[in-house]
Amino acid sequence: MPNIQVNGTTLYYETHGSGVPIVFIHGHLSTHHMFEPQVEYFSKRAKVIVLDLRGYGNSGKLNVEVEDIIDTQCKDLSELLEKLNIPKITLVGCSSGSLLVQKFAASHPDRVNALVLVDSYFYGPYGPFGTKNGIWKIIEACSWLSYYLPAEFFLRSLRVTYNRWVPAYSILRDELFHKRPTESIKQRMALLKIDIDSNSSRLRMPILCVAGRQSEWFVKQMNKAAERFACAQKAVIEDAIYPSHLCQPQQFNRVLLDFLIDQRIFRMEKQLV
């Protein structure tokens, strides 16, 4: 699949299938591979686009200032869609990817049919935990050192955490071996600066918020985020933690498909079983 020059960088992307376009945006420390089950399922029903954001996977370097990263990645996506001649999309973002798609939708509301926020979290002006506490900032900075540890260091804990969700473990394990530590730290710093308050009030398209039942924190964040949107629906994926779309891909895919049918983005009579 091709790399494409956009906005002064190179983006790796893949397109699969044909029809209504759905774009999946990965989360922090991940790549387009985290949507493999969704690509397989939805490419039979739609035009699926996955990509590596600038600074991740096979895409170009994160060679912009921290305060410009999210805006730059949104512009990257906008130019990619223009070059692919895709005027309007459904955007699915996982975790930190859900923050990026909200910002994109706020800036380009006429280009977004619907938003799907998977295992999202709420960022207000005081960050993810509603505080500017100095101790939290120190803990956060110290955690950045772990980005430089070899992937093997995390395999045992990953295997224990996801022992019931083998497909999720397999994909997350592979993602560990594609880390770009310095750029990941820059991305994390950019994410901590996002103020979703300024974006959420402008979102008027249909929005689906999804979280895994066994991730209590993500369920609370989902409920908190959904309260801020005028047209939000919520869905809880049973027997799942983050990332819920990998722990229970069949259940998630059905939830997403039903949402797209309900919003008349898909026509029911054209869907496969």
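Side-chain atoms are counted along with the backbone in the values below, which use heavy atoms only and exclude waters and symmetry mates. Residue numbers run from 1 in the order of the sequence given.
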Is there a donor-acceptor contact under 3.5 Å from the side chain of His26 to the main chain of Cys94? no

Is any NZ, NE, NH1 or NH2 atom of the basic residue among Glu82 and Lys75 found under 4.0 Å from an Asp or Glu carboxylate oxygen of the other? no

Shortest non-hydrogen contact from Val101 to Gly93? CG1-CA, 4.0 Å

Does Ser43 reach the main-chain N or O of Val39 with its side chain, forming a donor-acceptor pair under 3.5 Å? yes

Any side-chain heavy-atom pair of Ile70 and Leu99 under 4.5 Å: no

Please answer whether the main-chain N or O of Cys209 pairs with a side-chain N or O of Gln233 as donor and acceptor at a distance below 3.5 Å. no

Crowded around Glu152 CD? As in, over 12 foreign heavy atoms under 6.0 Å? yes

Val160 backbone acceptor or donor facing Asn163 side chain under 3.5 Å: yes

Arg45 to Tyr41, cation-pi by 6.0 Å centre distance and 45° axis angle: yes

Side chains of Leu80 and Ile4: does their closest heavy-atom pair fall under 4.5 Å? yes

Considering non-hydrogen atoms only, spot the tightest contact between Val50 and His32 and give its length. CB-CB, 3.8 Å

Can you confirm whether the side chains of Glu175 and Thr31 place a donor and an acceptor under 3.5 Å from each other? yes

Short side-chain to backbone donor-acceptor contact, Asn58 and Tyr12, under 3.5 Å: no

Any salt bridge between Lys88 and Asp110, counting N to O under 4.0 Å? no

Output yes when a side-chain donor or acceptor of Lys186 lies under 3.5 Å from a complementary backbone atom of Val64, and no otherwise. yes

Pick one: which of Leu77, Leu11, Leu81 meets side-chain contact (heavy atoms from CB on, under 4.5 Å) with Val6? Leu11

Sub-3.5 Å donor-acceptor pair from the side chain of Ser78 to the main-chain atoms of Cys74, do we have one? no

Report yes if the side chains of Val210 and Ile237 come closer than 4.5 Å at any heavy-atom pair, otherwise no. yes

Do we see a donor-acceptor contact under 3.5 Å between the side chains of Gln187 and Gln73? yes

Short side-chain to backbone donor-acceptor contact, Arg180 and Tyr56, under 3.5 Å: yes

More than 12 foreign heavy atoms under 6.0 Å from OH of Tyr148: is that the case here? yes

With a 4.0 Å cut-off, would you call Glu79 and Lys83 a salt bridge? no

Any side-chain heavy atom of Ile49 sitting closer than 4.5 Å to one from Ile22? no

Using only atom types and a distance under 3.5 Å, with no angle test, would you say the side chain of Thr72 pairs donor to acceptor with the backbone of Asp68? yes

Look only at the side chain of Thr161 and the backbone of Ser157, and say whether a donor-acceptor pair between them is shorter than 3.5 Å. yes

Ring centroid separation for Phe35 and His245, is it under 6.0 angstrom? yes

